[in-house]
Amino acid sequence: MNYFAIFTQIFTVTGPVFAMVLLGYVLRRINLINQSFIETSSSLVFKGTMPTMFFLAIWQADLVQAVVPELIVGVTMGTFLAFGLSWWWAFKTVDLVNRGVFIQGAFRGNCGVVSLALVASYFGAYGLAVGGVLAGFTIILFNTLAVFILAFYSSNYSFSLNQFVREFTTNPLIISVMLGIAASLVELVLPQWIVTSADYFARITLPLALICVGGTLSLQTLKQSGKAAFHSSLIKVMIAPILSCLIAWFLGVQHDELIILWMFLSSPTAVASFAMALASGSDGQLAANIIALTTVISMITITLGVFVLRAL
């Protein structure tokens, strides 16, 4: 087996994804983009281009292929494993006020951007459809667990069922997934010019989103990372994904599905975790440190993980 050829093939997929992240970092440093650009672009991606991409991918896909139960179970299992492991570790080593941020950083992955970009690049239209369904599912799962754990350790942040339901029912990404599934089931037919125009709009999603992720990185943040950020990052991008994929393999998940599972579970911590930490009155600096560390480390671990899975 030519391991170099396997690694080269894998890097042609992961390399461009992380190159866009690094490009975002460079563009921010040389002032070609600024915080205003990042906020506006992130809003456009979240409310416009990404919902369009999800809708098209799921509408045009075979739902039997797009909805993969073992992957949904695997992502759920892996998320709860990271949640439980990080809570146990936080209880032993992390100050009470920082435990919620520590735990959130260890399970809340950037699945809607990094994982989706990797799966779409590696598996094409099939990956985009499967990834769209999984990304929509993780939005529900991550937000539920994040609100719970941050409220549990915060004195000025409480869980509101009405607010949660309102945010869930008005989330553009979840709405687009539901509409895509409905359109596929009723075999909706749209004029080709609308489909082509929507496709043009959707294609800017992943490059723009990855550049925004890179634009939020800070070397100063990396330098300030302490043991808590490092331990949370290791759980997020290495320990929990490895254990989860081993369990999934033992339970019968193999081949492409196992690679997709790894790409989702080993993704860096979502940028949204920073805003959630601030909203709960928790340590925003720790949240930022975890985001930066996991983004840098995952550039290596995701590539090596896919390489090992392919080699085996």
Side-chain angles (χ1 to χ4, degrees), residues 74-112 114-115 137-160 164 213 216-218 220-248 261-262 264-298 300-302 305:
V75 167
T76 303
M77 175 194 68
T79 300
F80 275 99
L81 178 63
F83 184 84
L85 181 61
S86 60
W87 199 346
W88 171 77
W89 187 256
F91 188 78
K92 293 166 62 72
T93 65
V94 181
D95 294 339
L96 184 66
V97 294
N98 291 329
R99 288 177 187 171
V101 178
F102 178 94
I103 296 166
Q104 181 189 214
F107 76 80
R108 188 171 189 167
N110 199 341
C111 298
V114 177
S115 298
F137 173 75
T138 59
I139 291 169
I140 304 170
L141 181 62
F142 291 163
N143 277 286
T144 303
L145 293 177
V147 168
F148 165 75
I149 199 62
L150 289 173
F152 188 85
Y153 282 112
S154 174
S155 59
N156 60 351
Y157 186 71
S158 59
F159 177 81
S160 170
F164 178 78
V213 170
T216 62
L217 290 179
S218 169
Q220 184 65 29
T221 297
L222 286 174
K223 292 176 183 178
Q224 295 172 350
S225 300
K227 284 186 177 180
F230 184 69
H231 292 164
S232 180
S233 299
L234 286 183
I235 293 173
K236 177 67 195 76
V237 300
M238 290 184 65
I239 299 173
I242 290 173
L243 292 176
S244 300
C245 285
L246 283 173
I247 295 171
L261 188 61
W262 171 261
F264 266 80
L265 293 179
S266 62
S267 64
T269 302
V271 178
S273 63
F274 175 74
M276 287 285 288
L278 291 181
S280 68
S282 303
D283 188 352
Q285 185 61 57
L286 176 58
N289 292 349
I290 295 171
I291 293 167
L293 265 178
T294 54
T295 301
V296 172
I297 297 173
S298 67
I300 300 171
T301 56
I302 289 178

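Sequence positions, counted from 1, serve as the residue numbers for this chain.
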Could you grab the distance from atom [atom1] of [X] to atom [atom2] of [Y], nearest 0.5 Å is fine?
{"X": "Ile239", "Y": "Leu243", "atom1": "CD1", "atom2": "CG", "answer": "7.5 Å"}
{"X": "Thr294", "Y": "Asn110", "atom1": "OG1", "atom2": "CG", "answer": "8.5 Å"}
{"X": "Ser86", "Y": "Ile149", "atom1": "OG", "atom2": "CD1", "answer": "7.5 Å"}
{"X": "Leu265", "Y": "Cys111", "atom1": "CG", "atom2": "SG", "answer": "7.5 Å"}
{"X": "Leu141", "Y": "Thr79", "atom1": "CG", "atom2": "OG1", "answer": "4.5 Å"}
{"X": "Ile290", "Y": "Leu234", "atom1": "CD1", "atom2": "CG", "answer": "11.0 Å"}

Closest approach of [X] and [Y], non-hydrogen atoms and distance?
{"X": "Phe102", "Y": "Ala228", "result": "CE1-O, 3.1 Å"}
{"X": "Gly105", "Y": "Thr269", "result": "O-OG1, 2.6 Å"}
{"X": "Ser233", "Y": "Ala229", "result": "OG-O, 2.7 Å"}
{"X": "Arg99", "Y": "Val94", "result": "NE-O, 2.9 Å"}

Carefully, step by step, assess Leu145 and Phe80 under the rule side-chain contact (heavy atoms from CB on, under 4.5 Å).
CA-CA 9 Å; Leu145 293 177; Phe80 275 99; 3.9 Å; yes

If we only count heavy atoms from C-beta on, is the [X] to [Y] side-chain gap below 4.5 Å?
{"X": "Ile103", "Y": "Tyr153", "result": "yes"}
{"X": "Arg108", "Y": "Asn143", "result": "yes"}
{"X": "Phe142", "Y": "Thr138", "result": "yes"}
{"X": "Val114", "Y": "Pro268", "result": "yes"}

With sequence neighbours left out, what residues match Phe83 under ring pair (Phe, Tyr, Trp, His ring centres under 6.0 Å)?
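Phe83 satisfies ring pair (Phe, Tyr, Trp, His ring centres under 6.0 Å) with Trp87, Phe107 only.
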
Under 3.5 Å, is there a donor-acceptor pair between the side chain of [X] and the main chain of [Y]?
{"X": "Lys236", "Y": "His231", "answer": "no"}
{"X": "Ser267", "Y": "Gly109", "answer": "no"}
{"X": "Thr144", "Y": "Ile140", "answer": "yes"}
{"X": "Ser266", "Y": "Ile302", "answer": "no"}

Residues at least two apart in sequence or cross-chain that pass side chain to side chain donor-acceptor pair (under 3.5 Å) with Thr93, listed by chain then number, are Trp89

I'd like to check the side-chain contact (heavy atoms from CB on, under 4.5 Å) partners of Ala240; sequence neighbours left out, ordered by chain and number.
Ala82, Ile235

How about Met238: does its CE atom have over 12 heavy atoms from other parts shown lying under 6.0 Å from it?
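No, CE of Met238 has 12 or fewer neighbouring heavy atoms, counting only those of other groups under 6.0 Å.
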
Check the pair Ser244 / Leu261 against side-chain contact (heavy atoms from CB on, under 4.5 Å), numbers first and verdict last.
CA-CA 9 Å; Ser244 300; Leu261 188 61; 5.7 Å; no

